[in-house]
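Throughout, residue positions are numbered sequentially from 1 according to the sequence presented.
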Amino acid sequence: MISLAMDITKRFHRIIAIYFQLQGRSIVKAQDLAQRFDVSVRTIYRDIRALEQAGIPIYGEAGTGYSLTEGYKLPPTSFTKDEILSIAASEKLMQKFVDPDLFRHFSTAIDKVRSYLRYSDKNNIMHLEDNLVMQRSSAMFNEAVPDALSVLFESISLQKIAELTYQAIHRNEPNERRIEAVGIFHEGHFWYFIAYCHLREDYRQFRIDRIQKIKRTDDPFTRKHKPLHYYLDKKAPAPTTKVRVRVNKDFARYLQWDRIYYGFVSEEITTDHVEMTFQSKNVENEFARWYLMFADQATILEPEELKDHVRSILTAIQL
């Protein structure tokens, strides 16, 4: 009996969550809902029918997608305690990871959500905000282009061409590009986007902090693009070099936060040392210079070329 009651409660909450998915999107596919809630597609079909039987005006069909009738909304709902606290955390995260212009839009949207909260809930959020700090990395965006993410988001959603001035890392001077942005992703310390570049007549990956200027035009995309994951999966992996270093055990813990950015793969702990294995994309400059930060606490086991690069850097140093 208890198990049955729990199943009924679980289904009730899932059906309500499905409704909010429908309310928040123009079209929702049953397969996507099944993956989100970890149930079968057949279960989603039953839940959709339950919503229809409850009088929710849903149109669409299995295999294509479902939508709510235009303009249909339920009255504002109440939030759980955890949902309320997540509002404060999400605002701090957005402030850290997006550019100023996009954060301003997000903050305005959150203010509208707050207007539905009870007085006590607003106080809880304020108390958490006062005690939650996330330091922002200034290198993530070009301060001269505070709306880069907003322009790219708008370009993708409206399928309009964007014009930008871009400083490639291998060029001394920036050049002008007309691009059709496909999607945006965050990796490591930076934001990137994939776009069809009219200058190169091919798809290219760009880093957002290297944008010098950007604006959206009213010119529509010239072609239909596949979803972002298609281009990410298609990217050929960069060649790597296996690196092994032996680090003093007492010092090894200080490398745990940075090592992932240098291709860390695994470690083997012995009595006095930690032997770390990496797959480095840039042994000559990137890894060799990082290694110098803790060279007095570690020994290079392989490859020999890494030792040569480190010696070369040390020889060039003028004290």
Side-chain angles (χ1 to χ4, degrees), residues 2 5-26 28 32-33 35-39 51 56 68 72-154 156-157 184-193 208-209 253-261:
I2 294 177
M6 291 179 62
D7 288 343
I8 293 174
T9 301
K10 185 176 181 180
R11 187 187 182 210
F12 172 78
H13 288 301
R14 185 178 64 247
I15 290 174
I16 294 299
I18 289 173
Y19 167 77
F20 285 119
Q21 287 288 304
L22 290 167
Q23 186 169 268
R25 297 174 180 270
S26 57
V28 179
D32 294 338
L33 291 172
Q35 292 177 355
R36 181 181 181 88
F37 298 108
D38 194 24
V39 296
L51 284 169
I56 306 298
L68 288 179
Y72 181 82
K73 298 286 184 181
L74 284 179
T77 185
S78 60
F79 296 92
T80 67
K81 180 180 67 175
D82 290 336
E83 289 170 340
I84 290 169
L85 295 179
S86 73
I87 292 174
S90 63
E91 189 166 13
K92 292 291 186 178
L93 283 168
M94 288 290 284
Q95 187 174 22
K96 174 181 174 66
F97 285 107
V98 304
D99 63 26
D101 190 72
L102 189 60
F103 175 70
R104 177 171 55 83
H105 296 312
F106 178 81
S107 185
T108 301
I110 287 296
D111 286 341
K112 293 177 181 179
V113 173
R114 291 173 191 258
S115 67
Y116 290 111
L117 300 180
R118 295 172 297 184
Y119 181 80
S120 59
D121 293 333
K122 294 176 183 177
N123 281 341
N124 290 339
I125 288 183
M126 290 176 61
H127 180 71
L128 178 59
E129 287 177 333
D130 291 340
N131 294 280
L132 180 61
V133 176
M134 296 185 187
Q135 299 294 341
R136 181 174 178 176
S137 172
S138 59
M140 196 178 295
F141 300 100
N142 182 347
E143 293 183 357
V145 192
D147 61 346
L149 275 176
S150 294
V151 173
L152 287 169
F153 284 176
E154 189 177 36
I156 293 170
S157 64
I184 302 170
F185 63 99
H186 186 274
E187 185 175 270
H189 291 295
F190 299 100
W191 283 94
Y192 300 86
F193 64 99
I208 287 181
D209 64 304
R253 63 178 180 272
Y254 297 112
L255 304 180
Q256 292 181 3
W257 296 275
D258 289 339
R259 65 188 187 182
I260 189 66
Y261 301 114

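- Looking at residues two or more places apart in sequence or on another chain, you find a side chain to side chain donor-acceptor pair (under 3.5 Å) between E154 and R216.
- The shortest non-hydrogen separation linking L33 to V28 is CG-CG1, 3.4 Å.
- Scanning all heavy atoms of the two residues, the minimum distance from I125 to A88 falls at CG2-CB, 3.8 Å.
- Distance alone, capped at 3.5 Å, is enough to place a donor-acceptor pair between the W191 side chain and the F97 backbone.
- Other residues, nucleotides and ligands place no more than 12 heavy atoms under 6.0 Å from the NE2 atom of H127.
- The two residues F193 and I184 make their nearest non-hydrogen contact at CB-CG1, 3.9 Å.
- Scanning for salt bridge (charged side-chain N to carboxylate O under 4.0 Å, His left out) contacts around D101 gives R104, with sequence neighbours left out.
- Annotation: the span from L85 atom CG to D121 atom CG amounts to 8.5 Å, rounded to 0.5 Å.
- Contact detail for F103 and E91: the closest heavy-atom pair is CE1-O, 3.4 Å.
- Here the straight-line distance linking atom CD1 of I56 with atom CD1 of I18 works out to 12.0 Å at 0.5 Å rounding.
- Applying the salt bridge (charged side-chain N to carboxylate O under 4.0 Å, His left out) test to D147 and every residue at least two apart in sequence or in another chain returns nothing.
- Dense packing is recorded around CG of D130, with more than 12 heavy atoms of other residues, nucleotides or ligands lying under 6.0 Å away.
- Of all heavy-atom pairs between L22 and L51, the closest is CD1-CD1, 4.1 Å.
- Note: M94 CE to D99 CG = 9.0 Å, rounded to the nearest 0.5 Å.
- Nearest heavy atoms, K92 versus L132: CE-O, 3.2 Å.
- The local environment of OH in Y254 is sparse, with at most 12 non-hydrogen atoms from other residues, nucleotides or ligands closer than 6.0 Å.
- F153 places a side-chain heavy atom less than 4.5 Å from the side chain of L102.
- A heavy-atom distance below 4.5 Å is found between the side chains of F141 and I208.
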